[in-house]
Amino acid sequence: MRVRRSIFRVINRRESWAGWSQVAPTLLFLVVFFIVPLAMMFGSSWMARGTYGGIEWRFTAEHYVRFADPLYLSILARTLAWSLGATLFCLLVGYPVAWTLANAGRWKNVLVFLVIVPLWTSYLVRTFAMIFLMRDSGLINTLLLKTGLIQEPLELLYTPGAVMAGLVYGFLPFMVLPIYTSLEKLDPTLLEAAEVLGARPAARFWKVIWPLSLPGVAAGSLLTFIPALGSYLTSDLLGGAKQMMIGNLVQNQFTTARNWPFGAAASFVVMSGVLVAVTLYLRMRDKAPGGGL
Amino acid sequence: MTTTRRLPAWIIAVTGMVYFFLHAPMLVLVIFSFNDSKFSTEWSGFTLHWYTRLLERDDILVALQRSLLVGGASTVISTVLGTLLAMGLARHRLTARTVLEGLVYVPVVTPEIVCGISLLLLFVAMGIPLGTGTIILAHVAFNISYVTVVVRARLEGMDQSLEEAAMILGADEWTTFWRVTVPQLWPGILSGALLAFTMSFDDFVITSLVSGPGTATLPIVVYGMVRKNIEPSINAISTIVLVVTTTLIYVSDRLTRSPKPS
Amino acid sequence: MSTPSFAVEFTRVRKTYGSRAAVKDISFSIRPGEFFSLLGPSGCGKSTTLRMIAGFEQPDEGGGEVRLNGKLVNHLRPYERDLGMVFQSYALFPHLTVARNIAFGLEQRGVPRAQIGDRVKKAMDLVQLDGTTFGDRLPPALSGGQRQRVALARALVVEPPILLLDEPLGALDLKLRKQMQQELKELNKRLGITFVYVTHDQEEALTMSDRIAVMADARIAQVGSPAEIYERPRTPFVARFIGESNFLEGDIVADAGGRLTVRHPAGTFTVPTPPGGVVGTRIHVALRPERLLLPDGDAAVEGDNSLPATISHVIYRGEMLHVRVAVAGGGELVVATRNEGQLRRPMAYKPGDAVRVWWHAEDVQVLEADPT
């Protein structure tokens, strides 16, 4: 006890020491097991590939240059397009859901819970659910064949559509919840005031609801876009070899292709995309007061 | 209830369809885990066969054990570290606060594939053999952020003068933490821990990259089964995972919702 | 080592947060058993000062000394200082019963289990809380006033030499507040414990305190008894913050017979010579409204100074009448006179009347400048 107290007395001599002593262990862990690895990866992306698949200590920019190749550019473009598309679709479809949640009254808790559950359920399991539905012998095809609407099974899986569906299915809750949080804070008297002043429903939405929900929209879009950008499982399981996204490229380089530096470079291309998105988000959030995560 | 609060029919319709889309696939999966038919998606009768099959598979049982071990260990470590960080940030003025807060969010925005790859690089470079230990370390790394955010939210809603009152009455920092802070904080800590456990239990991408040969966790085995696309045992195990997750989330949800007297 | 004569002693204490100085350079001493108030508007540094006594904040390095009963405590933790404290929010532990809340400090001091129950009961009697009814209740089930008493009992049960109170009555309604003010004052006298009380309510401070430290802008403007603070304010801030005040200023034209003669646009008046009053400089004085006198009919007015003025309003305030008069050369004075009953014997003055306002030279307070 005496030892303990003297430790506390020393730690608290300065305000900053007290704070740092609590923060330090975790900080150390995060630096060693997060920051350092990321730095190492960045470093190795500028190294040459070793003959047997390792890393050779020779500086080169070849891996980044390689991205100018149309093959890789198309992967980048595809990833970007699908991520943006999925985000947009989630926004269009998720916004009404968020509105319903915010206005649900006593159903609110149940409905919110029902949105949270898919969010935390294993993504692997959920993706398999989609496979179960979409594969040639899957439920959708079975039903369609049985009712005679089609003669042959539709190729639903291993298409761009399947990947997009998977992305939306996976990340929709991430879009809904922040928007719901924003809408919940909306003061109903604002809408009443607008109505009294003569605004029709459409005007009330665009002039009052939408601007005030923007922090949630921004947060939700960020939380959907980023995982989509770096997604790997979706395109792996639902897209097959033909629908490669950057995440698959990275994984590929670290396993079969054994070109670690190139994989690292690809990782950094993804990270740059993430950084750009986050910066845009932060900038938007700082401009509009009273919002954000 | 004013007119502006009423939900137009089309919004309810869209919401309904979205909920259907979100839950139908899983429900189908669950239903067909009881289907007495190996290949077809036609209903042939109710059976628990696929569940008992799971018990016969040693690889699944071993993987489950490992998942629980990894989950437990990484949850404990990340909860301790996350709570410490949350307390340091919430109760003290630090000049580097903004940097630290940013650091907490880095794991959240980093794509899993990037996390996994960079950790793999670290382990290889440091000569650390891949195995259960590396999996635990990786899980702790990404779980800390979630625990920190949840605990911090709860801390900031707590009256700081409670801790000061305890200290004036003679309790030092350690005693105050256990006798005053934790009783107020524990729903947040538990909620954060449950979240961490769930994320750890479900993780595939990162785990697959940092686990060595022969150290499979449950998601890795499931992935193998999905790839090979064989039998409805996958449905069975998916159902189990779903039930476990839903229960954990339900408990965590009730904890964060419980109005603590303060 | 001589026996310490002060319960609390601050010597040139400074506390800065980053670029902001919360406490600039304060020194004061509190006598044992005193009821001492720190009074000032929000942001003046009074709470920071109290927190430095408690140990939640420490003075800057090289920024002065805090002593409790003679002992230097700058770096002592709060739990090493043997103090009692009542918080603004009461800070009762919500997960513990009233009895366990009160027992907390005793448990920390290792008081034997057998004695705790007894001492808790005595503490509850002290604050007039019935032990059997309230002992097992949880804080959320109590009213504001009851929580207040529990907080007090909890602080006092350990018999600390000094009790700190951080605006403890703010959340109570007026009647309860007045009652608690009385009880606190009585406890202070009965127990002989030094009370250090923080408040922004000047009436509260005047009612309860033996001495008051008026703080503004991270400094102490004046320390003194309620009478000294009210009747002899030293700075314009103190004169304005406590009660109402009139202000006059003028040039010193003569110094004779212990009196300065001051020239004002409306006339001259005299002031008892303060130290350092130099002929040719400007002087600022304060005058309480109730010290100004208006002639009542033909009766002679007491007072040795007067200025001509014009009535602008008469404000009815029940017990008093406030008569606002405009003084030649700009400026306004407020005269507070007792209301003798406006229905029975209405006051003779109406707006626009010319009148002479009188006062005694001794009632004037010479002011120092407010520190920057």
Side-chain angles (χ1 to χ4, degrees), chain A residues 4-5 8 15-16 18-19 22-23 25-26 29-30 33-34 36-38 40-41 44 93 96-97 99-100 103 113-114 116-118 120-122 124-126 128-133 137-139 142 172 188 191-192 195 204 226-227 230 232-233 237 247 250-251 254 263 267 270-271 274 278, chain B residues 2 4-5 7 11-12 14-15 18-19 22-23 25-26 28-29 39-42 81-82 84-85 87-89 92-95 100 103 106-107 109 111-114 117-122 125 137 140-141 144 172-174 198 202 204-205 219 222-223 226 234 238 241-242 245-246 249 253:
Chain A
R4 197 169 87 202
R5 294 232 168 163
F8 283 130
E15 170 85 39
S16 52
Q22 281 190 305
V23 162
T26 316
F29 190 95
L30 280 177
F33 289 102
F34 223 93
V36 167
L38 283 179
M40 284 179 70
M41 200 167 64
S44 60
V93 161
V97 178
W99 179 258
T100 309
N103 290 292
F113 180 72
L114 283 177
I116 294 182
V117 166
W120 295 119
T121 308
S122 164
L124 187 57
V125 160
R126 297 181 67 211
F128 176 66
M130 297 219 78
I131 295 181
F132 188 77
L133 283 179
S137 58
L139 188 63
T142 311
L172 190 56
L191 293 171
E192 288 173 12
E195 200 176 356
R204 290 203 296 270
I226 290 184
Y232 158 71
L233 261 187
L237 290 173
V250 172
Q251 200 263 1
F254 273 88
S267 291
V270 179
M271 281 303 279
V274 168
V278 171
Chain B
T2 66
T4 44
R5 279 294 215 172
L7 293 168
I11 288 191
I12 299 188
V14 170
T15 307
V18 168
Y19 270 80
L22 273 182
H23 292 100
M26 282 309 301
V28 164
L29 207 62
F39 289 112
S40 82
T41 24
E42 298 203 21
L81 289 178
L84 266 178
L85 182 61
M87 289 214 59
L89 285 176
H92 296 271
R93 291 173 293 263
L94 290 165
T95 33
L100 285 172
L103 186 62
V106 168
V109 298
E112 289 192 294
I113 193 88
V114 174
I117 294 289
S118 53
L119 274 170
L120 178 65
L121 258 174
L122 178 78
L137 287 173
V140 172
I144 290 179
D172 63 15
E173 283 83 349
W174 178 260
T198 310
D202 287 343
F204 168 71
V205 178
V222 173
Y223 180 79
V226 170
I234 314 178
S238 302
V241 167
L242 177 66
T245 310
T246 309
I249 295 304
D253 194 46

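- Your options are A:Thr100, A:Val117, A:Ile226, and the one with the most heavy-atom pairs under 4.5 Å with chain B is A:Thr100.
- Of the possible polar contacts, one joining the B:His23 side chain to the B:Tyr19 backbone as a donor-acceptor pair under 3.5 Å is found.
- Looking at B:Ile234 and A:Phe132, their side chains never come closer than 4.5 Å, going by heavy atoms from C-beta outward.
- Of all the listed residues (A:Pro37, A:Gly230, A:Pro118), the one sharing the greatest number of non-hydrogen pairs under 4.5 Å with chain B is A:Pro37.
- Contacts between A:Pro25 and chain B at a heavy-atom distance below 4.5 Å involve backbone atoms as well as side-chain atoms.
- In this structure, CE in B:Met26 is found 4.0 Å from CG in B:Leu242, a value given to the nearest 0.5 Å.
- In this structure, chain A has a heavy atom under 4.5 Å from the side chain of B:Ile144, while its backbone stays farther away.
- The closest donor-acceptor contact from the side chain of A:Arg126 to the backbone of A:Thr121 lies at 3.5 Å or more, if one exists at all.
- Contact of the A:Val125 side chain with the B:Leu29 side chain is registered, since non-hydrogen atoms from C-beta on lie closer than 4.5 Å.
- With a 4.5 angstrom heavy-atom cutoff, B:Leu94 touches chain A only via side-chain atoms.
- Of the two parts of A:Val93, the backbone and the side chain both hold a non-hydrogen atom closer than 4.5 Å to a non-hydrogen atom of chain B.
- Under the 4.5 Å side-chain criterion, counting only non-hydrogen atoms from C-beta, A:Ser122 is not in contact with B:Thr245.
- For chain A, the option among B:Thr246, B:Leu89, B:Leu120 with the highest count of heavy-atom pairs below 4.5 Å is B:Thr246.
- Proximity to chain A is limited to the side chain of B:Val18, based on heavy atoms less than 4.5 angstrom apart.
- For the atom pair CG of A:Leu139 and CD1 of A:Ile131, the computed distance is 14.5 Å after rounding to the nearest 0.5 Å.
- Between B:Val222 and B:Val241 the shortest side-chain heavy-atom distance does not fall below 4.5 Å.
- Heavy-atom pairs under 4.5 Å with chain B were tallied for A:Phe33, A:Trp120, A:Phe254; the largest tally goes to A:Trp120.
- Comparing B:Leu84, B:Ile249, B:Asp172, B:Leu121 by how many heavy-atom pairs each has under 4.5 Å with chain A, the most go to B:Asp172.
- Only the side chain of A:Leu124 has a heavy atom closer than 4.5 Å to any heavy atom of chain B.
- Here the OG-CD1 distance, from A:Ser267 to B:Ile113, works out to 7.5 Å after rounding to the nearest 0.5 Å.
- Evaluation of the ring pair (Phe, Tyr, Trp, His ring centres under 6.0 Å) rule for A:Phe8 yields no partner, not counting sequence neighbours.
- Interface remark: of the candidates A:Arg4, A:Met41, A:Met130, A:Arg4 forms the most heavy-atom pairs closer than 4.5 Å to chain B.
- Both the backbone and the side chain of B:Ser238 come within contact range of chain A, with heavy atoms under 4.5 Å apart.
- Interface remark: of the candidates A:Leu114, A:Leu30, A:Leu133, A:Leu114 forms the most heavy-atom pairs closer than 4.5 Å to chain B.
- Only the side chain of B:Thr198 comes within contact range of chain A, with heavy atoms under 4.5 Å apart.
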Please assess B:Leu85 against A:Gln22 for the test side chain to side chain contact (heavy atoms under 4.5 Å, CB included), listing each intermediate value before the final yes or no. CA-CA 6 Å; B:Leu85 182 61; A:Gln22 281 190 305; over 6 Å; no
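- With a 4.5 Å cut-off on non-hydrogen atoms, B:Tyr223 touches chain A through its backbone and its side chain both.
- With chain B as the partner, the residue from A:Val250, A:Val36, A:Leu233, A:Val278 showing the most heavy-atom pairs under 4.5 Å is A:Leu233.
- Among the candidates B:Val28, B:Ile12, B:Val14, the residue making the largest number of heavy-atom pairs closer than 4.5 Å to chain A is B:Val28.
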